[in-house]
2 protein chains.
Amino acid sequence: MDAIDFDLEQFLPFRLNRAAEFIALRFAGAYKAKYGLTRPEWRTLAALGSSGRMTATEVGAHSTMHKTKVSRAVFALEERRWLKRTQHEDDRRVEHLELTAAGAKAYRELTRLARDYSAELETLLGKDGLKALSSGLAAVEGVMAKPR
Amino acid sequence: MDAIDFDLEQFLPFRLNRAAEFIALRFAGAYKAKYGLTRPEWRTLAALGSSGRMTATEVGAHSTMHKTKVSRAVFALEERRWLKRTQHEDDRRVEHLELTAAGAKAYRELTRLARDYSAELETLLGKDGLKALSSGLAAVEGVMAKPR
DNA sequence: AATAGACAGTTACATTTGTAACCATACTCT
DNA sequence: AGAGTATGGTTACAAATGTAACTGTCTATT
């Protein structure tokens with residue numbers, strides 16, 4: 001079969017996916033094995049930790065997760081007492097989400113791990129590799145931001 | 001909360017994942033909606049289409065998928081008559097996988113779409129963005145290849 | 001040749017995910 | 001005010017996935 005004109009190995013979506021899985025999986029060990037968090041949970045924690053009080057919808061927008069993922073993550077974090085909800089006074093559909101003291105503590109610990117991992121990535125990929133990757137991603141992000 | 005020292009938005013694993021989802025999803029429409037293929041199925045098809053006859057294990061290595069994913073994808077493609085298996089003469093554990101004529105045809109059609117999408121990406125990301133992304137990914141791939 | 005270990009691929013089960021339908025509340029327009 | 005529609009969030013169900021155990025075959029060692 002004509003191997004000439006298409007090679008999965010060079011196809012950008014494939015490469016991007018594979019790289020993302022690889023990079024993410026390494027870090028997932030930190031929150032998964034150590035804290036038993038799922039990815040949506042970690043993302044929710046990180047969103048609330050860095051931006052403070054937000055609604056579920058905002059968390060979803062911030063970390064590009066579907067409502068249902070956010071909803072489930074919020075439940076899980078709430079059960080752990082890492083997060084608390086409060087009703088919006090004016091609109092009872094909305095609920096504000098906020099980390100508890102315990103949640104904030106976990107967040108700080110995890111961000112420390114995240115920073116360590118970032119540093120590790122820099123040495124692994126090299127300054128140039130990192131820079132290239134980052135600016136490539138910025139290009140993608142530019143496209144994502146567009147109205148479509 | 002201290003938003004200063006960590007921002008999910010800048011965390012590479014997060015950015016990479018988000019970009020990969022975005023890029024992959026756009027193309028997934030092509031094989032998902034149009035042919036009803038799952039991603040593992042498309043990858044298997046692509047591996048066999050570009051490299052010809054392979055074993056399931058080889059497909060997995062080539063496209064970094066777990067055995068079970070490959071196994072299920074092979075089943076699905078076989079049911080569609082896009083793929084046939086033949087036993088290895090010397091080792092009856094092994095089976096060779098190969099596309100049928102129908103499978104090869106589908107592969108060709110899909111590679112056409114893949115090429116179109118690649119071209120679209122080039123215009124979307126710009127020559128420079130694409131180049132940066134590609135070399136950034138190459139850096140990651142270099143790390144992946146290492147013995148670990 | 002007999003036992004033990006490795007390997008290819010499959011299957012079973014639990015977990016995660018995506019889709020769509022669903023509540024409840026709020027807004028808009030007449 | 002009342003009908004229709006939009007929105008925040010949850011739930012139910014189906015499909016996809018990961019983990020681990022399993023079957024069958026091969027290889028090595030004795």
Side-chain angles (χ1 to χ4, degrees), chain A residues 17-18 20-22 24-26 28-29 31-33 35-45 47-48 53-79 83-98, chain B residues 17-18 20-22 24-29 31-33 35-45 47-48 53-80 83-98:
Chain A
N17 239 309
R18 189 177 49 179
E21 264 163 38
F22 177 78
L25 222 62
R26 284 193 152 217
Y31 55 79
K32 212 171 233 161
Y35 293 87
L37 289 177
T38 65
R39 182 148 58 191
E41 284 158 30
W42 148 244
R43 281 196 187 176
T44 301
L45 184 75
L48 292 173
R53 209 166 84 145
M54 296 170 90
T55 69
T57 303
E58 286 165 349
V59 170
H62 182 77
S63 51
T64 39
M65 293 193 296
H66 190 82
K67 298 183 206 195
T68 63
K69 273 192 185 172
V70 177
S71 173
R72 294 189 256 241
V74 166
F75 253 93
L77 292 175
E78 195 182 22
E79 249 179 20
L83 173 156
K84 67 176 185 298
R85 324 184 187 216
T86 54
Q87 268 200 348
H88 186 99
E89 323 77 68
D90 296 341
D91 187 341
R92 283 189 306 186
R93 289 171 305 179
V94 177
E95 45 195 25
H96 296 291
L97 307 172
E98 206 169 355
Chain B
N17 239 309
R18 189 179 48 179
E21 263 163 37
F22 176 78
L25 221 63
R26 284 192 151 217
F27 183 63
Y31 54 78
K32 210 171 235 164
Y35 292 88
L37 289 177
T38 66
R39 182 148 62 191
E41 284 159 28
W42 148 243
R43 281 195 186 177
T44 302
L45 184 75
L48 292 173
R53 208 167 83 147
M54 295 169 92
T55 69
T57 303
E58 286 165 349
V59 170
H62 183 76
S63 49
T64 39
M65 293 192 296
H66 190 81
K67 297 177 197 203
T68 62
K69 272 192 186 173
V70 177
S71 174
R72 295 188 255 241
V74 166
F75 253 94
L77 292 175
E78 194 182 25
E79 248 179 19
R80 244 178 234 260
L83 173 157
K84 65 176 188 295
R85 324 184 188 217
T86 54
Q87 270 201 344
H88 187 99
E89 321 80 66
D90 297 342
D91 186 342
R92 284 187 305 183
R93 290 171 303 181
V94 178
E95 47 194 25
H96 297 291
L97 306 172
E98 208 169 354

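Letters A, B, ... are given to chains in the order of the sequence lines, protein chains preceding strands, and every chain is numbered from 1.
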- Task: Please assess A:Q87 against A:V94 for the test side-chain contact (heavy atoms from CB on, under 4.5 Å), listing each intermediate value before the final yes or no.
- Result: CA-CA 6 Å; A:Q87 268 200 348; A:V94 177; over 6 Å; no
- Side-chain N or O of A:K69 less than 4.0 angstrom from OP1 or OP2 on C:dT16?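 False: A:K69 side-chain N/O out of range (4.0 Å or more) of C:dT16 OP1/OP2.
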- Message: Would you say A:T68 places a side-chain N or O within less than 4.0 Å of OP1 or OP2 belonging to D:dT11?
- Response: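 No, no such contact exists.
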- Under 4.0 Å between any heavy atoms, over every strand shown, what does A:R72 touch: base, sugar-phosphate, or nothing? Just pick one.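 Here A:R72 touches the bases of the nucleic acid.
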- Message: Does B:R85 reach a base, just sugar-phosphate, or nothing at all? Heavy atoms under 4.0 Å.
- Response: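 Sugar-phosphate: the residue B:R85, judged by heavy atoms under 4.0 Å, touches backbone atoms but no base.
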Atom-pair distance ([atom1] on [X]; [atom2] on [N]), nearest Å:
| X | N | atom1 | atom2 | value |
| --- | --- | --- | --- | --- |
| B:H66 | C:dA8 | NE2 | P | 13 Å |
| B:F75 | D:dT17 | CZ | C1' | 17 Å |
| A:E21 | D:dG18 | CD | P | 8 Å |
| A:R93 | C:dA24 | CZ | C1' | 9 Å |
| B:L25 | D:dA16 | CG | P | 14 Å |
| B:K32 | C:dG18 | NZ | C1' | 9 Å |
| A:M65 | D:dG8 | CE | C1' | 15 Å |
| A:L97 | D:dG8 | CG | P | 13 Å |

- Any donor-acceptor pair under 3.5 Å between the side chain of A:R92 and the base of C:dT25?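 Such a pair does not exist between side chain and base.
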Closest approach of [X] to [Y] (non-hydrogen atoms, all atoms of both residues):
| X | Y | answer |
| --- | --- | --- |
| B:L77 | B:L45 | CD1-N, 4.0 Å |
| B:V70 | B:A56 | CG1-O, 3.7 Å |
| A:A20 | B:A20 | CB-CB, 3.8 Å |

- A:E58 (side chain) donor-acceptor with A:T55 (main chain) under 3.5 angstrom: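 Here the side-chain-to-backbone pair exists.
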- Hey, are A:R85 and A:E78 close enough for a salt bridge, meaning a charged N less than 4.0 Å from a carboxylate O?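 Yes.
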- Message: Under the criterion side-chain hydrogen bond (donor to acceptor under 3.5 Å, both in side chains), I'd like the reasoning laid out for B:T44 against B:E41: C-alpha separation, chi angles, the key distance, then a yes or no.
- Response: CA-CA 5 Å; B:T44 302; B:E41 284 159 28; over 6 Å; no
- Message: On DNA chain C, does the nearest nucleotide to A:D90 precede the nearest nucleotide to A:R39 from the 5' side, or the other way round? Give the residue.
- Response: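 Final value for this comparison: A:R39.
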- Item | Residue whose nearest DNA chain C nucleotide is more 5′ - A:D91 or B:K67 |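 Looking at the nearest nucleotide for each, B:K67 comes out on the 5' side.
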Give me, pair by pair, the N or O atoms of the protein and of nucleotides 1-4 of chain C that are less than 3.5 Å apart, along with how far apart they are.
none

